[in-house]
Amino acid sequence: MGIIEKIKEIEAEMARTQKNKATEYHLGQLKAKIAKLRTQLLEPPKGSSGGGEGFEVTKYGHGRVALIGFPSVGKSTLLTLLTGTHSEAASYEFTTLTCIPGIIHYNDTKIQLLDLPGIIEGASEGKGRGRQVIAVSKSSDLVLMVLDASKSEGHRQILTRELEAVGLRLNKKPPQIYFKKKKTGGISFNSTVPLTHVDEKLCYQILHEYKIHNAEVLFREDATVDDLIDVIEGNRKYMKCIYVYNKIDVIGIDDVDRLARQLNSVVISCNLKLNLDRLLAKMWEEMGLVRVYTKPQGQQPDFTDPAVLSADRGGCTIEAMCNHIHRSLVKDLKYALVWGTSARHYPQHCGLAHSLHDEDVIQIVKKKEKEEGGRGRFKSHSTAPARISDREKKAPLKT
């Protein structure tokens with residue numbers, strides 16, 4: 001029996017099982033088994049030597065955004081409108097068969113937009129090049145889930161389920177659970193808050209399913225069984241996602257208003273070029289890019305070419321800014337002068353841990369090299385050794 005058949009068999013058993021207090025331990029074990037099998041499904045075959053066929057493209061720009069959706073929802077048209085890169089668009093499904101990159105120039109930054117082939121139900125099991133599409137989206141900073149506004153609401157749930165099956169968690173934060181394997185000492189289970197979904201017995205059963213008998217587990221929030229399994233697996237990717245509803249020109253104004261009021265949703269029309277500026281503003285807000293301008297000493301700031309930082313790529317502190325310019329700059333930094341919304345007064349003397357805001361101006365002051373041997377008229381030009389014991393002894397006088 002293959003891995004996919006085993007997963008379907010366990011899912012059928014979970015569907016048959018009634019949910020109550022008596023069966024919650026059994027359901028927890030079944031969820032752990034499914035998570036293990038799905039992890040095995042993502043691993044390459046043991047006999048393979050390469051990474052497999054894919055269409056990974058080189059990272060370019062200050063951020064990367066992936067377009068994901070069913071076939072013929074307007075992904076290629078959206079790429080052409082936002083970037084100017086031509087992507088084949090036609091009235092039949094699977095027009096795009098490979099990954100097509102484009103560059104969005106917005107607020108003095110370059111954002112890479114990837115047009116990926118449409119994915120279908122069962123993509124997490126490898127149908128329709130689904131695994132390659134999802135692998136590329138894992139390497140991006142933001143996911144744009146493009147949906148057809150005229151179709152049913154079920155498409156969004158199907159795509160979310162397919163992405164969650166391969167370890168992508170959309171618009172979620174990592175659970176506040178501390179987990180560490182140990183060599184000895186058994187399982188230590190503690191919590192700082194009252195737990196309603198997980199108890200000590202269920203945690204023990206899930207850890208035994210993974211053959212873990214010595215570990216330390218600490219719950220800092222009221223997490224679920226799925227959150228505990230995600231922490232034990234350790235290969236989950238938590239990403240931001242914007243739900244983009246295209247083709248709003250073919251539905252009524254009441255439906256448009258309902259879709260626009262949903263959380264993390266933007267309504268657009270590629271045909272009539274409606275609301276594209278709002279989509280770009282929402283992308284900028286979700287990516288959290290921070291532009292920092294440099295100011296040389298005694299000169300005006302350079303507002304033409306900003307350094308772009310982000311929380312996902314190294315952080316937005318002065319230390320990250322120094323590493324962005326040159327790695328050796330952190331050691332030579334004396335202090336930094338900051339102008340902008342992150343400063344309490346202008347200019348503010350800041351250290352490495354200071355967090356920068358968008359459009360701040362920074363001037364980096366380096367340590368001065370110490371001058372050896374005094375200064376001015378006290379400077380010694382002698383090349384004699386410093387200690388008397390190091391001086392060369394003169395030869396004794398001949399008598």
Side-chain angles (χ1 to χ4, degrees), residues 56-67 78-86 99-115 139-144 239-240 242 276-368:
E56 178 63 57
V57 289
T58 308
K59 276 196 175 185
Y60 180 81
H62 305 111
R64 173 183 266 197
V65 180
L67 291 170
L78 183 61
L79 177 87
T80 306
L81 285 174
L82 293 179
T83 66
T85 306
H86 177 69
C99 178
I100 299 171
I103 301 295
I104 302 171
H105 295 272
Y106 187 72
N107 285 349
D108 295 329
T109 61
K110 295 172 185 175
I111 300 169
Q112 188 180 41
L113 189 66
L114 302 179
D115 179 21
S139 66
S140 58
D141 303 309
L142 178 71
V143 170
L144 287 188
M239 297 186 69
K240 293 175 182 173
I242 300 174
L276 295 177
D277 52 345
R278 172 70 190 130
L279 174 61
L280 287 171
K282 183 73 174 174
M283 282 168 55
W284 177 264
E285 181 189 329
E286 290 294 328
M287 291 181 79
L289 296 178
V290 172
R291 293 165 292 172
V292 181
Y293 300 99
T294 53
K295 178 187 179 299
Q297 196 167 0
Q299 298 178 30
Q300 291 294 318
D302 179 20
F303 289 114
T304 55
D305 188 21
V308 181
L309 310 174
S310 71
D312 298 330
R313 296 190 181 190
C316 302
T317 59
I318 289 177
E319 186 177 0
M321 178 68 186
C322 293
N323 288 326
H324 183 83
I325 297 168
H326 198 275
R327 287 187 179 179
S328 65
L329 196 57
V330 175
K331 292 186 291 182
D332 301 335
L333 180 79
K334 188 177 183 183
Y335 60 87
L337 296 173
V338 178
W339 294 261
T341 54
S342 69
R344 293 179 183 176
H345 48 81
Y346 301 151
Q348 182 180 343
H349 283 59
C350 301
L352 289 172
H354 179 78
S355 293
L356 297 166
H357 293 177
D358 192 27
E359 294 189 309
D360 276 3
V361 176
I362 184 172
Q363 178 183 322
I364 292 171
V365 180
K366 293 170 71 175
K367 296 174 186 172
K368 289 183 179 177

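Position 1 is the first residue of the sequence, and the numbers go up from there.
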Please lay out, stage by stage, how Leu333 and Ile318 fare under the test side chain to side chain contact (heavy atoms under 4.5 Å, CB included). CA-CA 10 Å; Leu333 180 79; Ile318 289 177; 4.3 Å; yes
At their closest point, which heavy atom of Thr317 faces which heavy atom of Leu356, and how far apart are they? O-CD1, 4.0 Å
What one should report as the nearest heavy-atom pair of Leu142 and Met239 is N-CE, 4.2 Å
Would you find a donor on one side and an acceptor on the other, under 3.5 Å apart, between the side chain of Lys282 and the backbone of Glu286? no
Can you find a pair of side-chain heavy atoms, one from Asp332 and one from Lys367, that are under 4.5 Å apart? no
To the nearest 0.5 Å, what is the distance between CG (Leu280) and CG (Leu82)? 5.5 Å
Is it true that a side-chain atom of Asp360 and a backbone atom of Thr341 form a donor plus acceptor pair closer than 3.5 Å? yes
Taking the side chain as C-beta and beyond, is there a heavy-atom pair between Lys295 and Trp339 under 4.5 Å? yes
Output for pair (Met321 CE, His354 NE2), nearest 0.5 Å, gives 12.0 Å
Give a yes or no on whether the backbone of Gly340 and the side-chain of Tyr346 come within a donor-acceptor separation of less than 3.5 Å. yes
Measuring from atom CG of Leu144 to atom CG of Leu67, what distance do you get when rounded to the nearest 0.5 angstrom? 5.5 Å
Test log, rule side chain to side chain contact (heavy atoms under 4.5 Å, CB included), inputs His349 and Val365: CA-CA 10 Å; His349 283 59; Val365 180; over 6 Å; no
Using a 4.5 Å cut-off on heavy atoms from C-beta on, say whether the side chain of Asp358 contacts that of Asn107. no
Between atom CD of Gln363 and atom CD of Gln297, what is the distance when rounded to the nearest 0.5 Å? 5.0 Å
Are the side chains of Asp115 and Leu78 in contact, using a 4.5 Å heavy-atom criterion? no
From NZ (Lys110) to CG (Leu289), nearest 0.5 Å: 14.0 Å
Got a salt bridge between Asp141 and Arg64, using NZ or NE/NH1/NH2 to carboxylate O under 4.0 Å? no
In this structure, OH of Tyr293 is separated from CG of Asp305 (nearest 0.5 Å) by 9.5 Å
Does the His324 side chain pair with the main chain of His326, one donor and one acceptor, at a distance under 3.5 Å? no
When you compare the side chain of Arg313 with that of Val308, does any pair of heavy atoms fall below 4.5 Å? no
Here the pair of heavy atoms bringing Arg291 nearest to Trp284 is NE-CZ2, 3.6 Å
Looking at Leu79 and Gly102, what are the two nearest heavy atoms and their distance? CD1-N, 4.2 Å
Test Ile103 against Gln112 for side chain to side chain contact (heavy atoms under 4.5 Å, CB included), laying out the working first. CA-CA 5 Å; Ile103 301 295; Gln112 188 180 41; 4.2 Å; yes
Kindly give the heavy-atom pair with the smallest separation between Leu352 and Cys322, and that separation in Å. CD2-SG, 4.5 Å
Heavy-atom nearest pair, Gly314 first then Ala320, reads O-CB, 3.6 Å
Any donor-acceptor pair under 3.5 Å linking the side-chain atoms of Ser310 with those of His62? no
